[in-house]
Novice: 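Sharing a structure here in structure tokens format.
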Number of protein chains: 2
Amino acid sequence: MESLDRTDRKILELLQQDCRITIKELAEKLHLSNTPVYERVKKLERSGIIKNYVAVLDPEKIDRSMVVFISVSITKHTRDVVQKFETEVLALPEVMEFYITSGNFDAMLKIMVKDMHAFQHFIQEKLSKFEYITRFNSTFVISSAEKIGYDL
Amino acid sequence: MESLDRTDRKILELLQQDCRITIKELAEKLHLSNTPVYERVKKLERSGIIKNYVAVLDPEKIDRSMVVFISVSITKHTRDVVQKFETEVLALPEVMEFYITSGNFDAMLKIMVKDMHAFQHFIQEKLSKFEYITRFNSTFVISSAEKIGYDL
DNA sequence: ACTGAAAGCACTTCTCC
DNA sequence: GGAGAAGTGCTTTCAGT
């Protein structure tokens, strides 16, 4: 992390909120001309601090209102089995995130589905196909809130 | 969810991967002219299916390599207490996500910190200040993978 | 590191199909 | 619902400090 100054942090803050802001607008907010802002943004992209720019969709509007965390235990823990499991599970459209974790279980999945019926279908038709899973436990999300970006 | 056709889904897929793609490039990939692509993107924005456009930062490069899920139990469950708790906890820079959940605990936090020392500091100096928390349990993330966007 | 200006290019609108 | 063209405005570069 090559030291970010006040200006860089402000740029990152604004781009995390809305990455379609123009260089011109950024420059105005920072009381600078286009050039230094443009150069700083490009540098932040080249250094990899800014990984990418993505459109965020509304889960409700695309039938993904239901969020469930599923903790799972698996039989084998060799590198290739875990890797294969990760790849296959992430290929399922319902699975959004995959974590190898400490604690009583070995891994945790975050899934997003339309409703309870879709959840049931996921468990019965998809998750149960994985031979390596010995047990699992579902935690339903009643409400959620997340931060827009990182505080720098 | 006003039915998305094949073109809309392709547009959303591409914008979820890189929202800085130009209308011109989008149009070329879809074998269309600028106009229909432009109109479709604007409609997706107006309808709220596209919520916003954000820059994604690399956690490693901004000292947020360590991810921990903390399940917590709280004493009171009235609407205002829970709401206050959510607001205060999300105001902490370490806390990225907050969930009210079913199961053995009442809520779950996803926190991202630099290292174990920063985690210890968070627990001892910040989380322990919340009077309503009766108990909590930390699950450390050993490795993680997440999908770029939703499969439509 | 920043300013200011200029060229290039994409966005946005409009007309027509 | 889409094509093509034109005007506008932002991006990107470059000379200068």
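The analysis underlying the following values was restricted to heavy atoms, covering all of them including side chains, and did not include hydrogens, waters or symmetry mates. Lettering follows sequence order; numbering is per chain, from 1.
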Novice: So B:Thr35, base contact, sugar-phosphate only, or nothing? Heavy-atom distance under 4.0 Å.
Specialist: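 Since a base atom lies under 4.0 Å of B:Thr35, the category is base.
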Novice: Within this structure, what is the CD-to-C1' distance between B:Glu39 and D:dA3, rounded to whole angstrom?
Specialist: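 Computing the B:Glu39:CD to D:dA3:C1' distance gives 13 Å.
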Novice: The side chain of A:Leu32 is closest to which nucleotide in this list: C:dT3, D:dC10, C:dT13?
Specialist: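 The closest nucleotide is C:dT3.
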Novice: Give a yes or no answer on whether the side chain of B:Lys147 reaches the backbone of A:Leu92 with a donor-acceptor pair at less than 3.5 Å.
Specialist: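 Looks like yes, one N/O pair under 3.5 Å.
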Novice: Between A:Lys42 and A:Glu45, does at least one N-O distance fall below 4.0 Å, as a salt bridge requires?
Specialist: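 Salt bridge: yes.
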Novice: Give the rounded distance in Å between these two atoms: CD1 of A:Ile23 and P of C:dC2.
Specialist: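 These atoms are roughly 13 Å apart.
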Novice: Taking NZ from A:Lys24 and P from C:dC11, how many angstroms apart are they, rounded to a whole number?
Specialist: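 It is 17 Å, rounded to the nearest whole Å.
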Novice: If you only use heavy atoms from C-beta on, which nucleotide in C:dC2, C:dT13, D:dG1 is closest to the side chain of B:Tyr38?
Specialist: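 Output: C:dT13.
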Novice: Roughly, in whole Å, what's the span from CG in A:Asn34 to P in D:dC14?
Specialist: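 Those two atoms, CG and P, are 16 Å apart.
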Novice: Would you say the side-chain atoms of B:Gln17 pair up with the backbone N or O of B:Ile148, donor to acceptor, closer than 3.5 Å?
Specialist: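 Not confirmed, B:Gln17 side chain does not pair with B:Ile148 backbone.
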Novice: To the nearest angstrom, how far is A:Glu28 atom CD from D:dT11 atom P?
Specialist: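 That distance rounds to 10 Å.
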Novice: Please state how far atom OH in A:Tyr53 lies from atom C1' in D:dT11, giving the value in whole angstrom units.
Specialist: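 Whole-Å distance recorded here is 13 Å.
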Novice: Classify the nucleic acid contact of B:Arg40 as base, sugar-phosphate or nothing, counting any heavy atom under 4.0 Å across all strands shown.
Specialist: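 Answer is sugar-phosphate: B:Arg40 comes under 4.0 Å of backbone atoms only.
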Novice: Flag yes if B:Leu14 and B:Tyr38 sit in one hydrophobic cluster, no otherwise; membership is Ile, Leu, Val, Met, Phe, Trp, Tyr, and two members link when side-chain heavy atoms are under 4.5 Å apart.
Specialist: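 Linked within one cluster.
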Novice: A:Leu26 has an atom CG; how far is it from atom P of C:dC2, in whole Å?
Specialist: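 After rounding, the gap between these two atoms is 14 Å.
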Novice: Please tell me if B:Lys42 has a side-chain N or O lying less than 4.0 Å from either OP1 or OP2 of C:dT12.
Specialist: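 So the side-chain polar atoms of B:Lys42 do come within 4.0 Å of the phosphate oxygens OP1 or OP2 of C:dT12, strictly under.
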Novice: To the nearest Å, how far apart are A:Glu45 CD and D:dT11 P?
Specialist: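 Taking atom P of D:dT11 as the reference, CD of A:Glu45 is at 12 Å.
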